[in-house]
Amino acid sequence: MDEEKRARVVLNITFVRPEKFYISGFSNIPHTQYFYVFLCFVYVMTVIGNVFLLSVICLVRTLHSPKYMIVFNLALIDLCGSTALIPKVLDTFLFDRRFILYEACLSNMFFVMFFSSLQSWTLACMAYDRFVAICLPLRYHSIVSKRSVAVILLCMWLIILFVAAFTVGNINRLSFCGSLEVQSFYCDHGPLNRLACNDRSINDVMAYIGLILFICIPFILIVITYLCISIALSRIASKVERLRALKTCSSHIILVVTFFIPLFATNIAAVVSYLHPNIRIINSCWTHTIPSLLNPIVYSLKTEELLNAIKKLFQRNRMTKIESKQSVLKI
């Protein structure tokens, strides 16, 4: 019994939970403040673009369809994900507040992980929508209904919430008795996990599970759906019809490429060999910020249905203003 008590005391002494972590950001790169000013511009445009897209989908009744439920979900995730990350990054580096409280660090890690994982699976949902629309057009409305899309999105949110909470919660098992410098631009799970000086095998397993669940599986599903779409389109005789069908996928393909390529590059390089913190930061910045900025721009400019809805909305507002002026003149 005495030996057990002594072992517990030693364990308690060696277990260290720091009050704060230090976010290092870029190393040995001059004038990085301009990069963070650029991030500020990106955030402002992301908020404006996604709020505009959300407003259009809410106000135009013709967009109250299963497809635009997924687009609405993506715009909401982009808005929340950017808000969870960029303001804190700007506060950290533009105002030189690089120390972050332990609890605030875990909270930051959770929300960034949660919304980036949701973004990945929402892109997979969009691929599923395009697959059914092109490969099974006659059954589209029976398969992709508002109810089925709502169930898919709800399950997606709940499962990712549980996995992200469990992954971040396991950080509490770690002891940080050495360096407290997180070599990233936010409380990134990988760099922070490597700072631990006790057994982190469970955390490493969760990191691999997260990589498979939130990056590999959605990407594989997207690739499979586009292979099926390619086969279906090859059977269409008319080249015009083929191009028209492919055009409906172009917005989604652009978002998939901008989101997954940097994400895969960062994670594979980190697993296979040593990845310089500066390269990791640049790739992470691209993955977490640029797709959220591009989403409303791409969907507003490249989706004919959404473009027509925006035009109708502006025409309606213009007519309302003209009628209100005429009523004032009559009075």
Can any side-chain N or O of S55 pair as donor or acceptor with the backbone N or O of V51 at less than 3.5 Å? yes
Is it possible for you to say whether I160 and V205 belong to one hydrophobic cluster, with membership spreading through side-chain heavy-atom contacts below 4.5 Å? yes
Correct closest heavy-atom pair for I23 and S184 would be CG2-O, 3.2 Å
For the residue pair C80 and L76, establish whether any side-chain heavy-atom pair is separated by less than 4.5 Å. yes
Is it true that Y226 and I217 fall in one hydrophobic cluster, defined by side-chain heavy atoms closer than 4.5 Å? yes
Return yes if some donor-acceptor pair links the side-chain N/O of S120 with the main-chain N/O of F214 below 3.5 Å, else return no. yes
4.5 Å side-chain heavy-atom contact, K20 and L180: no
Measure across R200 and L174 and return the closest heavy-atom pair with its distance rounded to 0.1 Å. CB-CD2, 3.6 Å
T289 and L293: CA distance, side-chain angles, deciding distance, side-chain contact (heavy atoms from CB on, under 4.5 Å) verdict: CA-CA 6 Å; T289 59; L293 172 68; over 6 Å; no
Spacing of N203 atom CG and S201 atom OG [to the nearest 0.5 Å]: 7.5 Å
I want to check something: taking the side chain as every heavy atom from C-beta on, are F259 and Q119 in contact at a cut-off of under 4.5 Å? yes
Check C228 against C135 for me: are their SG atoms closer than 2.5 Å? no
Would you kindly say whether T83 and Y43 are connected by a side-chain donor-acceptor distance under 3.5 Å? yes
For the atom pair OG1 (T32) and CG (L94), what is the distance rounded to the nearest 0.5 Å? 9.0 Å
Does the distance from a Lys or Arg side-chain N to an Asp or Glu carboxylate O, for R97 and D91, drop under 4.0 Å? yes
Closest non-hydrogen contact found for I143 with S148 is O-OG, 3.0 Å
Distance-only side-chain donor-acceptor flag, Y102 / N172, under 3.5 Å: yes
Under 3.5 Å: donor-acceptor pair, side chain of W121, backbone of W157: no
Check against side-chain contact (heavy atoms from CB on, under 4.5 Å), H252 and L123: CA-CA 7 Å; H252 181 252; L123 290 172; 4.1 Å; yes
Taking the side chain as every heavy atom from C-beta outward, state whether C58 and F72 have any pair of such atoms under 4.5 Å apart. yes
Closest heavy-atom contact between S175 and N198? N-OD1, 3.0 Å
Is there a side-chain contact between F35 and C285, using heavy atoms and a 4.5 Å cut-off? yes
Tightest non-hydrogen contact, residues I70 and C125, listed as CD1-O, 3.9 Å
Looking at Y22, I'd like to know if its OH atom is crowded, meaning that more than 12 non-hydrogen atoms belonging to other residues, nucleotides or ligands lie closer than 6.0 Å. yes
Interatomic distance, CD1@I152 vs CE@M69, rounded to 0.5 Å, equals 9.5 Å
Do any N or O atoms from the side chain of W286 and from the backbone of T258 form a donor-acceptor pair under 3.5 angstrom? yes
Between D78 and P291, which heavy-atom pair has the shortest distance, and what is it? OD2-O, 4.3 Å
I212-F162 co-clustered via ILVMFWY side chain contacts under 4.5 Å: yes
Indicate if L106 and F99 have the same hydrophobic cluster label, given that clusters are the connected sets of ILVMFWY residues with side-chain heavy-atom separations under 4.5 angstrom. no
To the nearest 0.5 Å, tell me how far F219 CZ sits from F260 CZ. 7.0 Å
Please evaluate residues I171 and F176 with respect to the criterion side-chain contact (heavy atoms from CB on, under 4.5 Å), reporting the C-alpha separation (whole Å), side-chain torsions for both, the decisive distance (0.1 Å), and the verdict. CA-CA 10 Å; I171 296 292; F176 300 92; 4.2 Å; yes
Show your reasoning for whether side-chain contact (heavy atoms from CB on, under 4.5 Å) applies to T46 and L79. CA-CA 7 Å; T46 299; L79 184 62; 5.6 Å; no
Using a 4.5 Å cut-off on heavy atoms from C-beta on, say whether the side chain of E103 contacts that of S107. no
Would you compute the distance between atom CD1 of I290 and atom OG1 of T287 and round it to the nearest 0.5 angstrom? 9.5 Å
Return the CG to OG distance between L39 and S82, rounded to the nearest 0.5 Å. 10.0 Å
Looking at H64, is its backbone amide N or carbonyl O close enough to the side chain of K146 to form a donor-acceptor pair, meaning the two atoms are under 3.5 Å apart? yes
In the structure I gave you, are the side-chain heavy atoms of D129 and Y140 within less than 4.5 Å of one another anywhere? yes
Following the transitive rule for hydrophobic clusters with a side-chain heavy-atom cut-off under 4.5 Å over Ile, Leu, Val, Met, Phe, Trp and Tyr, establish whether M156 and V151 coincide in one cluster. no
Would you call L161 and L118 a side-chain contact if the rule is heavy atoms closer than 4.5 Å? no
Would the distance check show the side chain of N108 and the main-chain N or O of A84 forming a donor-acceptor pair, the cut-off being under 3.5 Å? yes
Donor-acceptor contact present, side-chain S284 to main-chain I281, <3.5 Å: no
Going by side-chain contact (heavy atoms from CB on, under 4.5 Å), M109 matches just one of D188, V182, L192. Which one? L192
Does any N or O in the side chain of N50 come within less than 3.5 Å of the main-chain N or O of S292, such that one atom is a donor and the other an acceptor? yes
Given 3.5 Å as the limit, does a donor-acceptor pair link the side chain of R98 with the main chain of S24, or not? yes
Determine whether the aromatic ring centres of residues H288 and F115 are separated by less than 6.0 angstrom. no
Is the gap between the ring centers of F110 and H189 under 6.0 Å? no
Ring-ring centroid check F185 F26, cutoff 6.0 Å: no
